[in-house]
Structures are given as structure tokens and as C-alpha cells.
Amino acid sequence: MENIIPIAIIFLVFGISLYMVYWGISQLCRLFFQPKVQDQQKLLTEIAELKEMVRSIEREMKQQNIEK
């Protein structure tokens, strides 16, 4: 029983250190990969807005051609 306690402490420290490494890697992933996803969403919304602007300009041009 006395030999189990030092081994348990070693495993506990090892488990905590593994969790800290996992936490650090997850923070780095959030730092570098999430902004890219947000940038993609912004670009998609901007592209949709530009498409709508082009459509409205095309409609206006067609109306002007019809009026002539």
C-alpha cells in the first residue's frame, strides 16, 4: 500500500500535465483557425451583397434600355 501512493502521485502529475498540453493546443487552434472561419463568413456576406448590387444595377440598365 505504501508503494502505491508515489505511483499514484506520478500518474496524477502526468495526467494534469497532459491536460495542460491539450488546453494549450486547443487555445492555439482557437487563436489561429477560428478567425479564418469568421473571415470566410464575412467574405460570403460581402459576396452576397455585391451580387445583389450587380443584380440591381442590371435591372436599372434594362429599365433604361426599355425606356429608350
Side-chain angles (χ1 to χ4, degrees):
M1 191 67 182
E2 294 142 3
N3 294 335
I4 294 176
I5 294 174
I7 295 172
I9 291 173
I10 290 172
F11 279 119
L12 183 65
V13 170
F14 182 69
I16 291 172
S17 62
L18 277 180
Y19 178 74
M20 289 175 68
V21 168
Y22 164 76
W23 182 81
I25 290 173
S26 67
Q27 292 298 317
L28 288 175
C29 288
R30 286 183 189 169
L31 183 66
F32 290 112
F33 295 124
Q34 257 187 347
K36 291 181 183 178
V37 173
Q38 291 173 353
D39 290 342
Q40 287 176 352
Q41 293 296 327
K42 287 179 185 176
L43 287 175
L44 289 175
T45 55
E46 288 178 6
I47 288 171
E49 290 172 358
L50 288 173
K51 284 182 180 178
E52 186 59 35
M53 288 173 64
V54 167
R55 287 182 190 135
S56 65
I57 291 172
E58 287 176 348
R59 283 187 215 122
E60 289 178 12
M61 290 175 64
K62 285 181 184 176
Q63 285 179 356
Q64 287 177 357
N65 285 339
I66 291 172
E67 291 173 358
K68 288 183 181 178

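Side chains are part of it too, since the values below use all heavy atoms of this structure and drop only hydrogens, waters and symmetry mates.
- The distance from the CZ atom of F11 to the CD1 atom of I16 is 14.0 Å, given to the nearest 0.5 Å.
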So R55 and E52, side chain to side chain contact (heavy atoms under 4.5 Å, CB included) or not? Walk me through it. CA-CA 5 Å; R55 287 182 190 135; E52 186 59 35; 3.8 Å; yes
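- Note that CG of L12 is 12.5 Å distant from CD1 of I5, once rounded to the nearest 0.5 Å.
- Here NZ of K62 is found 9.0 Å from CZ of R59. Values are rounded to the nearest 0.5 Å.
- Distance CD1/I9 to CD1/I4: 12.0 Å, rounded to 0.5 Å.
- Atoms CE and CD, from M61 and Q63 in turn, are 12.0 Å apart once rounded to the nearest 0.5 Å.
- In this structure, L31 CG and Q27 CD are separated by 8.5 Å, a value rounded to the nearest 0.5 Å.
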